[in-house]
Amino acid sequence: MAAKSLRKNFLMNTFLSMSSFLFPLITFPYISRILMASGLGKINFATSVVNYLLTFAMLGMPLYGVKVCASHLKDRRKLIQVVSELLLINIFVGVVALIILALLTIFIGKFRENWELIAIFSCLIPLNIIGMEWLYKALEEYSYIAVRTMIFKVLGIVLMFAFVHDRTDYLIYAAITVFAGSASYILNFIKALPYLNFRKKEALNLKQHVRPLLSFFLLTVSWTIYTNTDVIMLGFLSTDSQVGYYSASLRIKSIVLSIVGSLSTVILPRVVHYFAEERYEEAKLILRKSSSFIWLSSLYFIGFIIISAEGIITLLSGDGYLLATPTLQATIVTVLFVGLSAFLGTNILVSLGKERVTIRASFVGILINILLNLLLIPRLASLGAGIATVVGEASMVLYELLYLGKESHEYFDERNIAKILLVFTATFLITTFIYPSLSVLPIFFRLLVSGGLYSLIYGIGLYLVKENLVVDWVGGLLKRFKNS
């Protein structure tokens, strides 16, 4: 039963990841050409500002809510009490966050210039609070989450093509973005009403949640900082166009990250369960497979995107974004370090109850990232922000590896990873040599042919060296084919 649940969770999470992949793939080429780099820069600056306050408003709830609700699934009365307590805390902190955002917008000139966008994106705070996504993940209602997400994203695409036609329509685009991403949370709240009960106020114990919430809050702060600090610092230290170039790279990187990180997200509850029951070998087996998947998938995307960055930028964003090519080539490298950092910091250290190590590693990375941004953005603009992010993420991974010491070897299949590195190097060199000869083809077909060739060389190479994941996958397919 447990194995079946893991497979189902992985499939649902992959479906959600693919929806995150398809939506920007469809919308971004259109929006980047309509709003241009300056309009896109305004949108991303306002989004980054609000995301900081949203992180504060959620106060670690996305992680803590799942954990504490899942522990009370068999006691409905206790579950109702916990959900009610968490929502009350979230509402209170959300109101404080909105007040802070209003004051910042009034007193900071850069914020005041973009007050309309900030006001629109501020709706994300109350919508995320009443959405209680943590409850539905604890209840494992992945089908509901996936279907609901897809419906509103499709509606968002339709509205975008219907109403966004000019670079002055960036406010309309902002409102549609909020609708597509968060309006469904109103349905969440209605559906969650049976789990809410505020009548017995004396029975609610809010204080018990404060300390653990703060711990999980510190964990989530680093993720938001890495997502938004570069954009905000670019906004202050450079131009809106440079923010737009950097945002074009971030869009592509986020698509890849959603795929690379899908397995790590799913295995976390299973690893926590195995460690709690002292089934260490089973936990390490899953972790070794997960680490191999991170190396295999991230290197696959990194290699191809570095080779064909110019064509990808042109296809998705247009010739006006070609200056973003080196920035994309730099920032895509963070995919590997983000995957490894999440693997070490969340799947291993959090599972072992060592959240403080993950927090320390995060703030080491943040400090390095900010210092390098201050040094590099004035000289290299968006490229400097990309380099700072790579070094910051790498420093987090290094910190976590140093803490684990020799124990880290138990979570990596080093022989298998060596095979992946060997095949990646060969594939990268061969494709780099061949790619210029495809320049006679139109961009779309050039990317299609080079992508197919790259994938074929990479896949065959991994099979020939007997890489574990590929061999297992091919073996499973052959077995199913024979049975059918």
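Computed from heavy atoms alone, side chains included, the values below leave out hydrogens, waters and symmetry copies.
Across all their heavy atoms, Ser297 and Phe293 have their closest contact at OG-O, 2.7 Å. Contact between Ala330 and Val390 at its shortest, heavy atoms only, is O-CG2, 3.2 Å. Summarising the geometry of Val335 relative to Ser298, their closest heavy-atom pair is CG1-CB, 3.7 Å, with the distance given to 0.1 Å. Nearest heavy-atom pair, Gly345 versus Glu400, reported as atom, atom and distance to 0.1 Å: CA-OE2, 3.6 Å. Nearest heavy-atom pair across Ser215 and Ile359 is O-CD1, 3.8 Å. In terms of heavy atoms, Ala97 sits closest to Phe56 at CB-CD2, 3.7 Å.
When only modelled atom types and interatomic distance are considered, Asp413 and Ser292 share no side-chain donor-acceptor pair under 3.5 Å. Using modelled atom types, one finds no donor on one side chain facing an acceptor on the other under 3.5 Å when comparing Thr334 with Thr389. Asn468 and Arg288 form no side-chain donor-acceptor contact under 3.5 Å, judged by distance and modelled atom types alone.
Note: Met396 CE to Thr358 OG1 = 8.0 Å, rounded to the nearest 0.5 Å. Here Phe121 contributes atom CZ and Ile43 contributes atom CD1; the two are 4.5 Å apart, rounded to the nearest 0.5 Å. To the nearest 0.5 Å, the span separating CG on Leu448 from CG on Leu453 amounts to 11.5 Å. Here the OG1 atom belonging to Thr425 is positioned 10.5 Å from the CD1 atom belonging to Ile430, to the nearest 0.5 angstrom. The structure places OH of Tyr403 at 4.0 Å from NZ of Lys354, a figure rounded to the nearest 0.5 Å. The CG atom of Asn44 sits 12.0 Å away from atom CG of Asp230, with the distance rounded to the nearest 0.5 Å.
Between Phe424 and Tyr458, the ring planes are perpendicular. Angles over 60° get that label, and only those under 30° would be called parallel. By the 30° and 60° cut-offs, the orientation of the rings of Tyr136 relative to Tyr144 is tilted. Classified by interplanar angle (parallel below 30°, tilted 30° to 60°, perpendicular above 60°), the ring pair Phe179/Phe152 is tilted.
The shortest distance between side-chain heavy atoms of Ser362 and Tyr399 does not fall below 4.5 Å. Inter-residue side-chain proximity for Lys253 and Leu250 is flagged as met; some heavy-atom pair is nearer than 4.5 Å. Residues Leu234 and Ser382 form a side-chain contact, since some pair of their non-hydrogen atoms from C-beta on lies under 4.5 Å apart. Contact annotation: the side chain of Phe428 approaches that of Ile306 to within less than 4.5 Å [non-hydrogen atoms, C-beta and beyond]. Taking 4.5 Å as the limit, every side-chain heavy atom of Gln329 sits out of range of all side-chain heavy atoms of Ile305. By the 4.5 Å heavy-atom criterion applied to side chains, Lys42 and Leu35 are not counted as neighbours. Side-chain contact between Leu101 and Val49 is present, with at least one heavy-atom pair separated by less than 4.5 Å. Using a 4.5 Å heavy-atom cutoff, the side chains of Leu104 and Leu53 are in contact.
No donor-acceptor distance shorter than 3.5 angstrom exists from the side chain of Ser238 to the backbone of Gly235, with no hydrogens or angles considered. A distance-only check finds a donor-acceptor pair linking the side chain of Tyr321 to the backbone of Ser32 [under 3.5 Å]. Checked by atom type and distance alone, the side chain of Asn369 never pairs as donor or acceptor with a backbone atom of Gly365 at under 3.5 Å. Between the side chain of Asp169 and the backbone N or O of Val164, no donor-acceptor pair lies under 3.5 Å. Panel note: side chain Ser341, backbone Val338; no donor-acceptor pair is recorded below 3.5 Å. In this structure, Thr325 contributes its side chain and Ile313 its backbone to no donor-acceptor pair below 3.5 Å. Ser290 places no side-chain N or O within 3.5 Å of a backbone atom of Ile286 that could act as its donor or acceptor partner. The backbone N or O of Leu447 lies less than 3.5 Å from a partner atom in the side chain of Ser450, making a donor-acceptor pair.
Ring to ring, Phe343 and Phe412 are close: their centroids are under 6.0 angstrom apart. The aromatic ring centroids of Tyr300 and Tyr454 lie less than 6.0 Å from each other.
Here Arg446 does not pair with Glu310 in a salt bridge; the nearest charged N to carboxylate O distance is not below 4.0 Å. Between Lys419 and Glu467, no side-chain nitrogen of the basic residue sits less than 4.0 Å from a carboxylate oxygen of the acidic one, so the salt-bridge criterion is not met.
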Could you go through the side-chain contact (heavy atoms from CB on, under 4.5 Å) check for Val231 and Thr47 one step at a time?
CA-CA 9 Å; Val231 174; Thr47 305; over 6 Å; no

Is there a side-chain contact (heavy atoms from CB on, under 4.5 Å) between Phe163 and Tyr173? Walk through the geometry before answering.
CA-CA 8 Å; Phe163 295 105; Tyr173 174 68; over 6 Å; no

What do the steps show when you test Met58 against Tyr64 for side-chain contact (heavy atoms from CB on, under 4.5 Å), and what is the final call?
CA-CA 10 Å; Met58 296 309 292; Tyr64 178 71; over 6 Å; no

Let me see the working for Ile120 and Val50 under side-chain contact (heavy atoms from CB on, under 4.5 Å), right down to the final yes or no.
CA-CA 10 Å; Ile120 292 171; Val50 173; over 6 Å; no

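Scored by the ring pair (Phe, Tyr, Trp, His ring centres under 6.0 Å) test, Tyr435 finds no partners at all (sequence neighbours excluded).
Within a 6.0 Å sphere centred on CZ of Phe236, other residues, nucleotides and ligands contribute more than 12 heavy atoms.
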